[in-house]
Amino acid sequence: MKTLLTSFAALFITLNAFSVTPNQDLKKALIVTVKAKPGKGKQALDYLASANPLKVVANEKETKTWYFVKLNEETFYVFDTFTTEEGRNAHIAGDIPKAVNAKPDLFFPLEVKKVDIIMSAQPK
């Protein structure tokens, strides 16, 4: 019981540092695994940078946030958020996935997972 109370206390302290509420705007998200072929991680990153993904995403009015993170030299993840299912589907059919799929010598096929946002947190 003491461990449970300690866990709740830690959670309360953490939540108190954030403004945590059910998100009213962001409802949809994508988690995309981008895997470069063995030994091609740097080349894959250079290719993605040349596709100017920030400019592409800036022109997608339904894409609200876009993150590109690195797990290791050949595995990357994209996390995007959207207000609507239509926006999410438009992004999946957009220029960035097309650019990756156009280079089978550099990338394995994208692994795309559609997820729903339950709640989000932002620092106060």
Side-chain angles (χ1 to χ4, degrees):
M1 183 69 168
K2 183 177 180 181
T3 304
L4 183 61
L5 290 175
T6 303
S7 296
F8 278 120
L11 179 62
F12 176 75
I13 290 167
T14 302
L15 293 178
N16 197 32
F18 289 86
S19 172
V20 180
T21 58
N23 194 298
Q24 301 301 313
D25 297 322
L26 299 178
K27 297 180 172 120
K28 304 294 179 185
L30 290 172
I31 300 172
V32 181
T33 304
V34 182
K35 290 185 182 179
K37 297 279 176 98
K40 305 257 181 161
K42 169 127 177 48
Q43 193 177 353
L45 275 178
D46 290 345
Y47 172 74
L48 286 172
S50 74
N52 201 354
L54 298 178
K55 182 177 179 183
V56 172
V57 171
N59 289 324
E60 296 177 350
K61 72 176 190 166
E62 292 291 328
T63 302
K64 299 304 176 187
T65 61
W66 183 85
Y67 299 90
F68 185 73
V69 298
K70 177 176 148 180
L71 177 65
N72 58 45
E73 295 304 313
E74 296 168 347
T75 306
F76 311 92
Y77 294 96
V78 175
F79 178 74
D80 309 279
T81 61
F82 309 89
T83 54
T84 66
E85 181 67 24
E86 294 77 19
R88 179 165 64 181
N89 289 335
H91 184 73
I92 292 170
D95 291 338
I96 297 171
K98 286 178 185 173
V100 171
N101 292 330
K103 290 290 189 175
D105 58 316
L106 288 180
F107 300 99
F108 288 104
L110 294 173
E111 297 172 23
V112 179
K113 292 181 179 71
K114 291 182 174 183
V115 296
D116 294 327
I117 298 172
I118 297 169
M119 97 179 65
S120 65
Q122 295 179 348
K124 286 184 177 178

Can you tell me how far the OH atom of Y77 sits from the NZ atom of K113, to the nearest 0.5 Å? 7.5 Å
Does any N or O in the side chain of E73 come within less than 3.5 Å of the main-chain N or O of K42, such that one atom is a donor and the other an acceptor? no
Walk me through it: do D80 and R88 pass the test side-chain contact (heavy atoms from CB on, under 4.5 Å)? CA-CA 8 Å; D80 309 279; R88 179 165 64 181; over 6 Å; no
With a 4.5 Å cut-off on side-chain heavy atoms, are L30 and V78 touching? no
Heavy atoms only: give me the nearest Y47-A99 pair and the separation to one decimal. OH-O, 2.8 Å
What pairs with F76 under ring pair (Phe, Tyr, Trp, His ring centres under 6.0 Å), at least two apart in sequence or on another chain? F68
May I ask you to test the V69-F79 pair for a side-chain heavy-atom distance under 4.5 Å? no
With a 4.5 Å cut-off on side-chain heavy atoms, are E60 and W66 touching? no
Taken to the nearest 0.5 Å, the spacing of T81 OG1 from Y67 OH works out to 7.0 Å
Distance in Å, T84 OG1 paired with L26 CG, rounded so as to fall on 0.5 Å steps: 11.0 Å
Within a radius of less than 6.0 Å around CD of E85, do more than 12 heavy atoms belonging to other residues, nucleotides or ligands occur? yes
State the NZ-OG1 distance between K35 and T75, to the nearest 0.5 angstrom. 5.5 Å
Between K64 and K61 (side chain of the first, backbone of the second, donor and acceptor by atom type, cut-off under 3.5 Å), is there such a pair? yes
Inter-residue atom distance Q43.CD - D105.CG, 0.5 Å rounding: 7.0 Å
Between P53 and L48 the two heavy atoms that sit nearest each other are CD-O, 3.2 Å
Test item: I96 and V57 side chains (from C-beta on) under 4.5 Å apart, heavy atoms: yes
Are the side chains of K28 and D116 in contact, using a 4.5 Å heavy-atom criterion? yes
Student check: side-chain heavy atoms of F108 and K37 closer than 4.5 Å: yes
CD on E62 to NE2 on H91, rounded to 0.5 Å: 12.5 Å
